Protein chains: 2
Amino acid sequence: MEQATRRTTIADVARAAGVSKAAVSFAFNTPERLSADTVTRIREIATGLDYRPDPVARMLAQRRTGTIGILTPQGLDVIFTNPYFGEFSAGVATAAEAAGLAIQFISPLHGSLTRAVDRASVDGIIAVGLGAAHPEVGQIRRSGLPFVVVDSTALPDEPGIEVDDEGGARLAAEHLVELGHRDFLVIGIEPPSASSGMEPAGVTALRLRGYRESMSAAGIELSDAEMVVGPASMEGGIDAFRRAWASGARPTAVLAMSDAMAIGAMRAARDLGLGVPADLSIVGYDDVDVAQYTDPPLTTVHQPIRRKGEEAVRLLLAGGRHRDEGPTEQQHLETRLVVRGSTARAPRGREEVVDDGR
Amino acid sequence: MEQATRRTTIADVARAAGVSKAAVSFAFNTPERLSADTVTRIREIATGLDYRPDPVARMLAQRRTGTIGILTPQGLDVIFTNPYFGEFSAGVATAAEAAGLAIQFISPLHGSLTRAVDRASVDGIIAVGLGAAHPEVGQIRRSGLPFVVVDSTALPDEPGIEVDDEGGARLAAEHLVELGHRDFLVIGIEPPSASSGMEPAGVTALRLRGYRESMSAAGIELSDAEMVVGPASMEGGIDAFRRAWASGARPTAVLAMSDAMAIGAMRAARDLGLGVPADLSIVGYDDVDVAQYTDPPLTTVHQPIRRKGEEAVRLLLAGGRHRDEGPTEQQHLETRLVVRGSTARAPRGREEVVDDGR
DNA sequence: GCGGTTTAGCAAACCGGTTTAGCTGACCGT
DNA sequence: ACGGTCAGCTAAACCGGTTTGCTAAACCGC
């Protein structure tokens, strides 16, 4: 994969047109600095020579790349395959394109996110799912690049988008409690690499707290055995549910922190002979597009995924850190429960007493 | 979003270490050209100064970007949202990462693919779904960048991956014919922009031909009214099916050229009160991950999507055009039918009844 | 016909690295 | 003592653009 015939450079055009390099540059970027006819003459010669300015050289000279990076601790294979990320990226992409910016994905290169960040040539970064504990945030901050965070427990002093994860989770659990469920299984999102350590990714913690709130309001405590984690994918969901089942869990309702995992869990449950929602209710999180098309359609917590992406670039463009103008900007977005077909009353005989407290 | 404090440059490090810029460069890239202790000394000073070589400057000097581009005529929003593209990109990404390459998406910028190509700084291009008629292929070829094509009627003399689209389509139609279906609806993929003109994207034509072969082998002709097209998305599928229905089509079987559209069609059919597969059989194309999780699971034509992506970068890296070493390399991949739950025998009473005239 | 202001375009510096050609001094054998 | 190697490093050119003075000619009013 090596360079073929050398491209025509600006010098070639200048020579051919009998003008200076500067003139050629002006002809394209600041035509008003040149007489109208020289501009057209230069342009004609340029197209005749099939001249296209080298984007890299331009980036270097202008000290801007016209690119914003989407940084994730997960590998690109999971990113592209996960509908949540897909929709988020789509949001970023639309907003970026409107601003004439390209986007680049920054994700661990040979296992190292740090290396990937160094190699990335971007003007700004949108970091998604990066916990405050991640060392990379320090690196980025030091690099001086503007950046916003998304899906992290909002970093202190760092601009970011925050959605009401806790509230959404609360709604989800509440819904199930009202349907008479008392035996739960929570399927959580496992941090991508061991590197990120114990601290569960911000959202995981928040959602878990939300679940717990609604449960304990109904007098239910969630034991550790009633929670299982895995990678946020359909396979991850299948696997997680099977593991739980194998270790004896017999829930009537599962709370999954991602739709992908919920869909997987639904499948695993079916494979085990359970009817959804007859024997088992499932509620997901995110409300990705496909959630409407599964069988049964998935009850889930809606969050404005694409919008989140768009807002992120808006925030980034708006300057990110407003050191002076008061507190760093934080954008809040709402969540809401969308009840579809994957949830129903708890099965007879296991329904327990009518929900006492609530 | 503007530059913050100036980064430390190689000159800063050189000065601090009392050596030349070249020495610093060597210390990182060709350490064997320096004595061991100068290398460590320079490196220490560099890390002390938090020096990270500017990737753009490096690109310019080395005349390589370490990036390969994925070019598509569709907008990024549809790309990221479409599971087929997602899986394909995942394949590209894994192979690229293994080779230490980053990937960049090239898609119409303000409506112009040409402009996007010019702005992209990549070492090679993987063009997906670009018909031979697209003017962009000329542009790319002229640019001298190595490139391979995917999902296009293989361009003459252009290296590319080719899967047996026609054969796959034949299998799909054959399956339905064997189940006794005679009234079909074909849902095709519409070219992204009007610009690409009449010529249906390569794959569309091939698949359509495959469908027709199997049908005519059974004495069935597909009328123009029995085909409808739309964008390759779930919404596109819903819409396409509804349009067909509204204009009087009453098929017992649907052949969709993309799983996303198949899923949409399934949904639309249900909404119209049709049972799938009781009243209507549907077979998709691609076998994306979600096809297993829909309700019912989708019968579809499998093609090795991720593998396709991986092979594409392999081909690109292998040099793309082997001008000398014989014919340009073409990689062929197989397709096969995966029968799941969305297809069944044609409903009684319509099974073999000569179609009255709709 | 003269100082002053525009206009059109040029030369050169610059962006931040890599790479080539060449210099310097230590070490070597004789 | 001397030419020859060789290891270790440097100076300068280069990548392909942009941008900043600056100048020469044209234009201006008077």
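Fair warning: this is a prediction, and the values are worked out from it, not measured in the lab. A, B, ... follow the sequence lines: proteins, then strands. Residue 1 opens every chain.
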Provide the start and end nucleotides, 5' to 3', of the part of DNA chain D that has atoms under 4.0 Å from heavy atoms of chain A. D:dG16 to D:dG21
B:Asp123 side chain to B:Gly66 main-chain N or O, any donor-acceptor pair under 3.5 Å? yes
When we call it a touch if two heavy atoms are under 4.0 Å apart, what does B:Thr9 touch: a base, just sugar-phosphate, or nothing? sugar-phosphate
Mark yes or no for whether B:Ser152, through its side chain, and B:Val150, through its backbone, hold a donor-acceptor pair below 3.5 Å. yes
Pair up each side-chain donor or acceptor in residues 100-117 of chain B with any protein partner under 3.5 Å, not counting sequence neighbours, and list the distances.
residue: B:Ser112; atom: OG; partner: B:Thr114; partner atom: N; Å: 3.4
residue: B:Ser112; atom: OG; partner: B:Arg115; partner atom: N; Å: 2.8

Of B:Leu60 and A:Asn29, the one whose closest DNA chain D nucleotide lies more 5': B:Leu60
Is it true that A:Asp151 and A:Lys308 have a side-chain N and a carboxylate O under 4.0 angstrom from each other? yes
A:Arg33 vs A:Thr8, nearer the 5' end of DNA chain D by closest nucleotide: A:Thr8
Any base atoms under 4.0 Å from A:Tyr51, or only sugar-phosphate, or nothing? Heavy atoms, all strands. sugar-phosphate
Sorted by number, residues from residues 10-19 of chain A placing a heavy atom under 4.0 Å from DNA chain C are A:Gly18, A:Val19
Which residue pairs pass the side-chain hydrogen bond (donor to acceptor under 3.5 Å, both in side chains) test with at least one member in residues 38-49 of chain A, sequence neighbours excluded? A:Ser35-A:Thr38
Do you know the tightest heavy-atom contact between A:Leu316 and A:Phe147? CD1-CA, 3.6 Å
Once you apply a heavy-atom cut-off of 4.0 Å, does A:Ala22 come out as touching a base, just sugar-phosphate, or nothing? base
From CA spacing to verdict: salt bridge (charged side-chain N to carboxylate O under 4.0 Å, His left out), B:Asp54, B:Arg7: CA-CA 9 Å; B:Asp54 181 329; B:Arg7 299 168 52 132; 5.1 Å; no
Protein-nucleotide distance (A:Lys21, atom NZ; C:dA12, atom P), rounded to Å: 11 Å
Give one of base, sugar-phosphate or nothing for B:Leu34, where a contact means two heavy atoms less than 4.0 Å apart. sugar-phosphate
So, the side chain of A:Ser89 versus the backbone of A:Phe85: is there a donor-acceptor pair under 3.5 Å, distance only? yes
So if I take the C1' atoms of five pairs at each end of the helix from C:dG1-D:dC30 to C:dT30-D:dA1 and get each local axis, what angle do the two axes make, rounded to 10 degrees? 40°
Listed by chain and number, what are the salt bridge (charged side-chain N to carboxylate O under 4.0 Å, His left out) partners of A:Arg307, not counting sequence neighbours? A:Glu311
Donor-acceptor check, side chain of A:Asn82 to backbone of A:Val78, threshold 3.5 angstrom: yes or no? no
What's the verdict on side chain to side chain contact (heavy atoms under 4.5 Å, CB included) for B:Ser121 and B:Thr67, showing C-alpha distance, side-chain angles and the deciding distance? CA-CA 8 Å; B:Ser121 41; B:Thr67 304; over 6 Å; no
